[in-house]
Amino acid sequence: MPELPEVEVLRRDLEVEVVGAQVVSVVVTGARTVRRQDPGELVTRLAGARLTAAGRAGKYLLMALDGGPDTLVVHLRMSGQLILTAPDAPRPAHTHAVIHLADGRELRFVDPRTFGELFVSREPPGPLGADPSDPSWRPTDLAGVVAGRQARLKALLMDQRRLAGLGNIYSDEALFAAGLRFDRPAGSLGRREVARLHGAIVETLAAAVTHRGSTLGDGGYVDLHGRPGAHQDHHRVYAREGRPCLRCGRTVVRLRLGNRSTFLCPTCQS
DNA sequence: ACGCCCGCCTGTAAGC
DNA sequence: TGCTTACAGGCGGGCG
């Protein structure tokens with residue numbers, strides 16, 4: 001659910017609200033929340049640190065500690081939320097970690113499905129491909145990713161090692177905007193199709209950030225203040241199965257790629 | 001190496 | 001009405 005746009009909205013919120021704040025203490029209660037290291041090590045490295053910058057790498061949130069190499073890394077995975085509140089606000093169920101700030105506010109990590117994680121590291125979070133929201137990301141970069149690949153286009157777009165930040169929603173939306181089918185062999189794209197897809201990805205992500213991300217029916221994503229986004233009202237194919245295509249009027253269909261839903265217009269996408 | 005599938009989780013909603 | 005089942009999906013691991 002949280003993909004690049006949702007994580008970017010959260011990063012911007014953190015930049016405004018949290019950068020400059022000092023951590024007093026951290027309480028980790030979730031059994032799986034800190035799993036790349038001893039939770040005690042994370043608590044020790046965070047306690048007393050100042051949060052000096054808010055960054056993002058693909059879907060990872062990065063908070064620099066004391067300007068140094070240590071970085072607090074947060075991945076929301078499916079259902080994670082990072083919420084900044086007053087300490088007397090009711091603590092929601094599935095609150096797995098609380099970062100207490102010096103001014104009394106709490107930064108809470110809430111995650112019903114427990115796939116999300118926190119860790120403190122000096123290393124990059126994982127082997128990530130280029131960030132498609134980076135202004136220096138060009139059509140030739142995308143051409144290099146798809147060249148010679150047999151994998152289906154959508155699978156490649158969602159492979160974080162090739163391109164960092166797209167998930168199920170925005171890959172479907174970008175493929176619709178580009179007029180391309182999800183199951184095209186990636187390497188079969190011509191130069192003009194690659195250019196179209198590049199533009200579609202850039203514009204799709206930018207629009208989603210403008211609308212502060214997508215919050216689906218099940219609630220999932222909210223910003224740092226607990227508010228939902230509005231981009232779900234601008235989806236053009238995602239979760240629109242059985243409804244008319246907004247471009248041609250024919251019916252949007254839902255297919256399966258692996259165990260995941262894929263939405264497309266068979267007329268507009270080829 | 002490459003491509004693809006499963007399992008990890010739990011809340012919600014549809015189906016019987 | 002109450003129970004069961006399907007579904008949501010990012011990503012690591014493992015398979016062919």
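The sequence lines fix the lettering, A, B, ..., with proteins before strands; numbering per chain opens at 1. Quantities reported herein were computed from a predicted structural model and do not represent experimental measurements.
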* To do: On the 0 to 90° scale, with breaks at 30° and 60°, tag the A:His235-A:His231 ring pair as parallel, tilted or perpendicular.
  => perpendicular
* Quick one: which of C:dC7, B:dC8, B:dC4 gets closest to the side chain of A:Arg256? -> C:dC7
* Asked: How close or far is atom P of B:dC5 from atom CG of A:Asp159, stated in whole angstroms?
  -> 14 Å
* To do: Check every strand shown and say whether A:Arg161 touches a base, only sugar-phosphate, or nothing at a heavy-atom separation below 4.0 Å.
  => nothing
* Structure fact -> When A:Phe263 and A:Gln160 are each assigned the nearest nucleotide of DNA chain C, the 5'-most assignment goes to A:Phe263
* To do: Name the residue closer to the 5' end of DNA chain C, choosing between A:Met78 and A:Glu117 according to the nucleotide with the nearest heavy atom.
  => A:Met78
* With a 4.0 Å cut-off on heavy atoms, is A:Ser261 in touch with a base, just the backbone sugar-phosphate, or nothing at all? -> sugar-phosphate
* Could you give the CG-to-P distance, from A:Leu216 to B:dG11, as a whole number of Å? -> 18 Å
* Out of curiosity, A:Ser121 OG to A:Gln37 CD, how far, rounded to the nearest 0.5 Å? -> 7.5 Å
* Check whether the side chain of A:Arg113 and the base of C:dG10 form a donor-acceptor pair under 3.5 Å. => no
* To do: Round to the nearest Å and state the distance from A:Arg162 atom CZ to C:dC11 atom C1'.
  => 15 Å
* How far apart are the closest heavy atoms of A:Leu264 and A:Arg181, and which atoms are they? -> CD1-NH1, 3.9 Å
* Candidates C:dC11, B:dC9, B:dC4 - which lies nearest the side chain of A:Thr114 -> B:dC9
* To do: Mind checking the OG1-CD spacing from A:Thr95 to A:Gln81? Nearest 0.5 Å is all I need.
  => 9.0 Å
